[in-house]
*Asks:* 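This is the structure I have questions about; it appears just below.
Each chain gets a letter, A, B and so on, in the order its sequence line appears, and its residues count up from 1.
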Amino acid sequence: MNKFFATTPIYYVNDVPHIGHTYTTIAADVLTRYHHQKGKEAQLLTGTDEHGAKIAEAAKKHGEKPKEYADKISQEFKKTWDKLNINYVRFIRTTDEDHIKIVQEFLLKMYKNGAVEEKPRLYKGLYCVPHEKFMSKDELVNGLCPDHKTAPIDYAEENYYFRLSDYQQKLEQLISEDKIKVRPLTRKNEVLGKIRQGLEDISISRANLEWGIPLPFDTSHTTYVWIDALINYYTYGSANDLWPADLHLVGKDILWFHSVIWPAMLLSIGEEPPKEVFAHGFFTINGEKMSKTIGNVIKPEELINKYGVDGTRYVLLAAFPFGEDGNFSWELFDRLYNADLANGLGNLVARVARLSEKSGLSINQDMGEHETKDFEEKIESLDFSGALVVANHYLKNIDEKISQEKPWEIKDKDKLQKLLTSYISEIVKTVKLFQPFLPQTAENILSQFSGSIKSAPPLFPRV
RNA sequence: CGCGGGGUAGAGCAGUGGUAGCUCGUCAGGCUCAUAAUCUGAAGGUCGUUGGUUCGAAUCCAACCCCCGCAACCA
């Protein structure tokens, strides 16, 4: 029980990383680091999702093979996470050999257990390629897909179906009893409501698409990309004795796949469903939906350039309650960065370091840790912004105490050093709370406050 | 009548029956160790609207208005 296995979604390589991917990944990393700090064997899995018609098409447009194209974009994600100090245990790709093998084993089990219909069904209809799904006539506007403004193609193909409807009762029970914890609660209710409206069997294969994993029981079909993608968690988890996953962190758009379809797939092969699925909110950008068409997509580099790696990690999680939508604006993020990091933590460290340096203080003892249930409860329920409010209160208290005690007026060296040591003790304890959020900064501060203390350049220059 | 969430100070939020709170911003004052920082204090809200229950409602009930999610390039 002493493990914590968390996942981010694996990101689809039709798009380079943006603030949304970054948000999910940082949250997952913070939580994993927190559990690690608590002494658990905590592991974070992330990666990229690379199959499907959309990728095949995008590659073609660039005059590349799908794999070459996927390699390139996948690399972008990996580079971004490395830059952001994401401590993943593995960067999994759906084109990895072990994944392909596990997908095939998984599907074969499903098939043998009768969870997949023996024969494919013929499906005729209008197919929207960018959507990768069939569309009904009344979804179309003037014969075009309302989202993509393209005409769907007449299409008939045979698909294998997963008997999802068989799991309706079981899923309803597991979710309502929190055996599969779906969070936040509003999402749980939403999912339950939708389940009660009835589950339909779903297609899990494509007949005319080469860029995918062949079905083990009918190699003329490839695995539908979503099915392939979900299994990634199990590819790593099962091979490393980590299953079931403790947490799938997802965006609210893909909650259904993770809380319903994926658990049903696992049940169909006799495996345990994930313990928790948490869906966080989305960003709007200055009040508008973030979209490539509007062109208001925020890239992680823009954030890093302005706030630094730790600043970016902090500001994203501190800005809004996790789980709800938040409206991004540079003004808001600037304010938050200046108030909490530059004026708060950064300045406090600077003022105490300077006073300590002047008095020739040297620290050689372990400062211990805060006992703070409040903080723990918040972070363990993924209330990151709430947890940070708690941590910032500690800092505020130290600032107040310094202003009251006026150490700069104290001439008696022993008395002064005793005071300073008490400040440092409080700072160090608090910094440990910040550590999962600000791993590099925390390390810097901890080393600055051990041994003979020196002033240092600002940790967080004002923006 | 598909299901659900929400509307509280300039901003972001907390507050589920008992004199409206937090963080930021604004204004005034103090301090000088510090990143024009920090500390103290103040201003600022008829808690979406209307009606009801109650000794008492942001909090319960009803109706209405407005935003949003499930529901559609995408986290």
*Asks:* Taking the C1' atom in each of B/rC22 and B/rA14, what is the distance between them to the nearest angstrom?
*Replies:* 7 Å

*Asks:* For atom P, what is the distance between B/rA36 and B/rC74, given to the nearest Å?
*Replies:* 46 Å

*Asks:* Describe, in one word, how the ring planes of A/His280 and A/Phe282 are oriented to each other, choosing from parallel (under 30°), tilted (30 to 60°) and perpendicular (over 60°).
*Replies:* tilted

*Asks:* With the side chain of A/His393 defined as its heavy atoms from C-beta on, choose the nearest nucleotide among B/rC22, B/rC70, B/rU32.
*Replies:* B/rC22

*Asks:* Would you please classify the geometry between the A/Trp262 ring and the A/Tyr234 ring as parallel, tilted or perpendicular, with 30° and 60° separating the classes?
*Replies:* perpendicular

*Asks:* What is the distance from CZ of A/Arg187 to C1' of B/rG6, rounded to the nearest Å?
*Replies:* 12 Å

*Asks:* Has A/Glu409 got more than 12 heavy atoms of other residues, nucleotides or ligands less than 6.0 Å from its CD?
*Replies:* yes

*Asks:* Choosing from B/rC39, B/rA75, B/rU35, which nucleotide comes nearest the side chain of A/Phe283?
*Replies:* B/rA75

*Asks:* In residues 67-82 of chain A, which ones come under 4.0 Å of RNA chain B, going by heavy atoms?
*Replies:* none

*Asks:* Anything under 30° is parallel, anything over 60° is perpendicular, the rest tilted; go ahead and classify A/Tyr11 against A/Phe77.
*Replies:* parallel

*Asks:* Closer than 4.0 angstrom, basic N to acidic O: yes or no for A/Asp178 and A/Arg183?
*Replies:* yes

*Asks:* Starting at CG of A/Leu255 and ending at C1' of B/rC70, how long is that distance when rounded to a whole Å?
*Replies:* 9 Å

*Asks:* Are any side-chain N or O atoms of A/Thr32 and backbone N or O atoms of A/Gln43, one a donor and one an acceptor, separated by less than 3.5 Å?
*Replies:* no

*Asks:* Output the rounded distance in Å from CG (A/Leu388) to C1' (B/rC22).
*Replies:* 15 Å

*Asks:* Residues of residues 19-28 of chain A with any non-hydrogen atom less than 4.0 angstrom from an atom of RNA chain B: list those, numerically ordered, please.
*Replies:* A/Gly20, A/His21, A/Thr24

*Asks:* Is the ring pair A/Tyr233/A/His258 parallel, tilted or perpendicular, if the boundaries are 30 and 60 degrees?
*Replies:* tilted

*Asks:* Could you tell me whether A/Gln169 atom CD has more than 12 heavy atoms of other residues or ligands within 6.0 Å of it?
*Replies:* no

*Asks:* Provide the distance between the two P atoms, one in B/rC66 and one in B/rA71, to the nearest whole Å.
*Replies:* 24 Å

*Asks:* Quick one: A/Asp253 CG to B/rC70 P, roughly how many Å, whole number?
*Replies:* 8 Å

*Asks:* Sort out for me which residue in A/Asp29, A/Thr25, A/Thr8 forms a side-chain hydrogen bond (donor to acceptor under 3.5 Å, both in side chains) with A/Thr46.
*Replies:* A/Thr8

*Asks:* Taking for each residue the nucleotide of RNA chain B bearing the nearest heavy atom, is the 5' side occupied by A/Pro407 or by A/Glu190?
*Replies:* A/Pro407

*Asks:* Mind checking the C1' distance from B/rU49 to B/rG12? Whole angstroms is fine.
*Replies:* 24 Å

*Asks:* Go through B/rA71, B/rC39, B/rU32 for me and flag the one nearest to the A/Glu409 side chain.
*Replies:* B/rU32

*Asks:* If you write RNA chain B from 5' to 3' in dot-bracket form, with Watson-Crick or G-U pairs under 3.5 Å, [ ] for crossing pairs and | for pairs with another strand, what do you get?
*Replies:* .(((((((.[[[[.)..(..]]]].(((((.......))))).....[[[[[..)....]]]]])))))).....

*Asks:* Evaluate whether atom CD of A/Glu357 has more than 12 neighbouring non-hydrogen atoms of other residues, nucleotides or ligands under 6.0 angstrom away.
*Replies:* yes

*Asks:* Does a side-chain N or O from A/Lys396 land closer than 4.0 Å to OP1 or OP2 of B/rC39, or not?
*Replies:* yes

*Asks:* Heavy atoms from C-beta onward define the side chain here; which of B/rC74, B/rA71, B/rU35 lies closest to that of A/Lys54?
*Replies:* B/rC74

*Asks:* Considering only side-chain heavy atoms of A/Asp399, which listed nucleotide, B/rC39, B/rU32, B/rC74, is closest?
*Replies:* B/rC39

*Asks:* Looking across every strand, which nucleic acid part, if any, lies under 4.0 Å from A/Leu459 by heavy atom: base, sugar-phosphate, or nothing?
*Replies:* base

*Asks:* Of the options B/rC74, B/rG10, B/rU35, whose atoms approach the side-chain atoms of A/Arg335 most closely?
*Replies:* B/rG10

*Asks:* If you check every side-chain atom of A/Tyr11, which of B/rC70, B/rA75, B/rC73 has the closest atom?
*Replies:* B/rA75

*Asks:* A/Glu400 has a side chain; which of B/rA75, B/rU40, B/rC33 sits nearest to it?
*Replies:* B/rU40

*Asks:* Flag the pair A/Tyr34 / A/Phe437 as yes when their ring centroid distance falls below 6.0 Å, and as no otherwise.
*Replies:* no

*Asks:* Quick one: does A/Ile175's side chain get under 4.5 Å of A/Val191's, heavy atoms only?
*Replies:* yes

*Asks:* Can you confirm whether A/Ser165 sits close enough to A/Glu200 that some side-chain heavy atom of one is under 4.5 Å from a side-chain heavy atom of the other?
*Replies:* no

*Asks:* Let me know the distance between CD1 of A/Ile175 and P of B/rG4, rounded to the nearest Å.
*Replies:* 17 Å

*Asks:* Using a 4.0 Å heavy-atom cut-off, does A/Lys406 contact any base of the nucleic acid, only the sugar-phosphate backbone, or nothing at all?
*Replies:* nothing

*Asks:* Quickly, which of A/Ile195, A/Ile202, A/Ile180 forms a side chain to side chain contact (heavy atoms under 4.5 Å, CB included) with A/Val260? Name it, please.
*Replies:* A/Ile195

*Asks:* For the pair A/Asp414 and A/Lys418, find out whether any cationic side-chain nitrogen is under 4.0 Å from an anionic carboxylate oxygen.
*Replies:* no

*Asks:* Kindly state which residues belonging to residues 340-359 of chain A come within less than 4.0 angstrom of RNA chain B, counting heavy atoms of the residue only, listed by number.
*Replies:* A/Ala342, A/Asn343, A/Gly346, A/Asn347, A/Ala350, A/Arg351, A/Arg354, A/Leu355, A/Lys358

*Asks:* Quote, to the nearest angstrom, the C1' distance that separates B/rC31 from B/rA43.
*Replies:* 23 Å

*Asks:* Quickly, which of A/Leu171, A/Leu174, A/Val277 forms a side chain to side chain contact (heavy atoms under 4.5 Å, CB included) with A/Pro263? Name it, please.
*Replies:* A/Leu171

*Asks:* Out of B/rU35, B/rU38, B/rC73, which nucleotide sits closest to the side chain of A/Phe460?
*Replies:* B/rU35

*Asks:* Quick check for you: among B/rC31, B/rC39, B/rC70, whose closest atom lies nearest to any side-chain atom of A/Ser403?
*Replies:* B/rC39

*Asks:* For atom P, what is the distance between B/rU19 and B/rG4, given to the nearest Å?
*Replies:* 33 Å

*Asks:* Rounded off to whole Å, could you give me the CD-to-P distance for the A/Gln404 and B/rC39 pair?
*Replies:* 11 Å

*Asks:* Rounded to whole angstrom units, what separation is found between the NZ atom of A/Lys194 and the C1' atom of B/rA71?
*Replies:* 7 Å

*Asks:* Contact list please: residues 301-322 of chain A against RNA chain B, heavy atoms, distance less than 4.0 Å, in numerical order.
*Replies:* A/Ala319

*Asks:* Rounded to the nearest angstrom, tell me the gap between atom CD in A/Glu57 and atom P in B/rC73.
*Replies:* 16 Å

*Asks:* Between B/rU53 and B/rA28, how far apart are the C1' atoms? Round to whole Å, please.
*Replies:* 46 Å

*Asks:* Which distance, rounded to the nearest 0.5 Å, do you find between the NZ of A/Lys79 and the CD of A/Glu301?
*Replies:* 9.0 Å

*Asks:* Taking only the C1' atom of each, what is the distance from B/rU59 to B/rG6 in whole angstrom?
*Replies:* 15 Å

*Asks:* Table please: side-chain donor-acceptor pairs of residues 451-463 of chain A below 3.5 Å, with sequence neighbours left out.
*Replies:*
from, atom 1, to, atom 2, distance (Å)
A/Ser452, OG, A/Lys454, NZ, 3.2
A/Arg462, NH1, A/Asn343, OD1, 2.6

*Asks:* As a quick check of understanding, evaluate side chain to side chain donor-acceptor pair (under 3.5 Å) for A/Thr94 and A/His99, giving each step before the final call.
*Replies:* CA-CA 6 Å; A/Thr94 53; A/His99 175 70; 5.2 Å; no

